[in-house]
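The figures that follow rest on heavy atoms only: side chains count, while hydrogens, waters and symmetry mates do not. Keep in mind that what you see is a predicted model, and the values were worked out from it rather than measured.
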Amino acid sequence: MIYSVFPGLGKSYTARVTMAGKAIDAESSKFQWLDYESHNEEKNKGKLKNKNPEWPKHYIDFIKSQYNENMIVFISAQPEILNALGEQNIPFKTITPEASTKDQIVARYESRGNNKDFIN
């Protein structure tokens with residue numbers, strides 16, 4: 001199954017720890033930006049500027065390559081990705097936070113090093 005999950009809700013942790021081997025976090029930044037640095041993944045979000053000309057095609061291709069009945073794929077919650085999946089009749093579910101958790105999510109962004117542009 002493919003789950004589009006709002007940032008900061010635990011995609012990476014779940015894929016790496018809770019569901020290791022059964023789920024992947026298809027981090028979109030490495031597909032979207034030419035100036036992506038994996039060692040500064042969270043700090044880069046919101047400040048990268050050099051968009052990859054292959055975006056979003058190669059990200060969609062990656063999602064499709066990982067999608068099977070035995071693997072959960074956590075993906076970006078970006079509208080252009082969701083629209084592309086919908087146009088290709090690829091099923092997905094969305095997971096969004098409750099409005100009441102905004103302060104907790106912002107605190108999570110700050111603690112993991114996201115910059116103000118990303119947080120805003």
Residue pair Ala26 / Phe62: nearest heavy atoms and the distance that separates them:
CB-CE2, 3.8 Å
Provide the closest heavy-atom pair for Lys11 versus Gly8 in the form atom of the first, atom of the second, distance.
NZ-N, 4.4 Å
Separation between CD1 (Ile75) and CD1 (Ile60), nearest 0.5 Å, reads 7.0 Å
Show your reasoning for whether side-chain contact (heavy atoms from CB on, under 4.5 Å) applies to Tyr67 and Leu85.
CA-CA 12 Å; Tyr67 173 63; Leu85 291 174; over 6 Å; no
Is Gln78 reaching over with its side chain to a backbone N or O of Glu80, donor-acceptor style, under 3.5 angstrom?
no
Does Ser4 reach the main-chain N or O of Ser76 with its side chain, forming a donor-acceptor pair under 3.5 Å?
yes
One should read off an interatomic distance between Lys51 NZ and Leu34 CG, to the nearest 0.5 angstrom, of 10.5 Å
Once you round to the nearest 0.5 Å, how far does NZ of Lys57 lie from CG of Asn52?
11.5 Å
Please give me the minimum heavy-atom distance between His58 and Glu54, naming the atom from each residue.
ND1-O, 2.8 Å
Side-chain touch Leu9/Thr14, heavy atoms, less than 4.5 angstrom:
no
Looking at CD of Gln66 and CE of Met71, how far apart are the two atoms once the value is rounded to the nearest 0.5 Å?
7.0 Å
Nearest-0.5 Å distance that lies between atom CZ in Arg108 and atom OG1 in Thr101:
8.0 Å
Partners passing ring pair (Phe, Tyr, Trp, His ring centres under 6.0 Å) against Tyr59 (at least two apart in sequence or in another chain)
Phe31, Trp55
Quiz question: by atom type and distance under 3.5 Å, do the side chains of Ser100 and Glu98 form a donor-acceptor pair?
no
Side-chain heavy atoms of Ile63 within contact of Ile90, under 4.5 Å
no
Between atom CZ of Phe92 and atom CD1 of Ile81, what is the distance when rounded to the nearest 0.5 Å?
10.5 Å
According to a 4.5 Å side-chain heavy-atom criterion applied to Ile, Leu, Val, Met, Phe, Trp and Tyr, with indirect links allowed, do Ile95 and Tyr13 form part of one hydrophobic cluster?
no
Kindly write out the residues that satisfy side-chain contact (heavy atoms from CB on, under 4.5 Å) with Lys102, not counting sequence neighbours, or none if the list is empty.
Val106
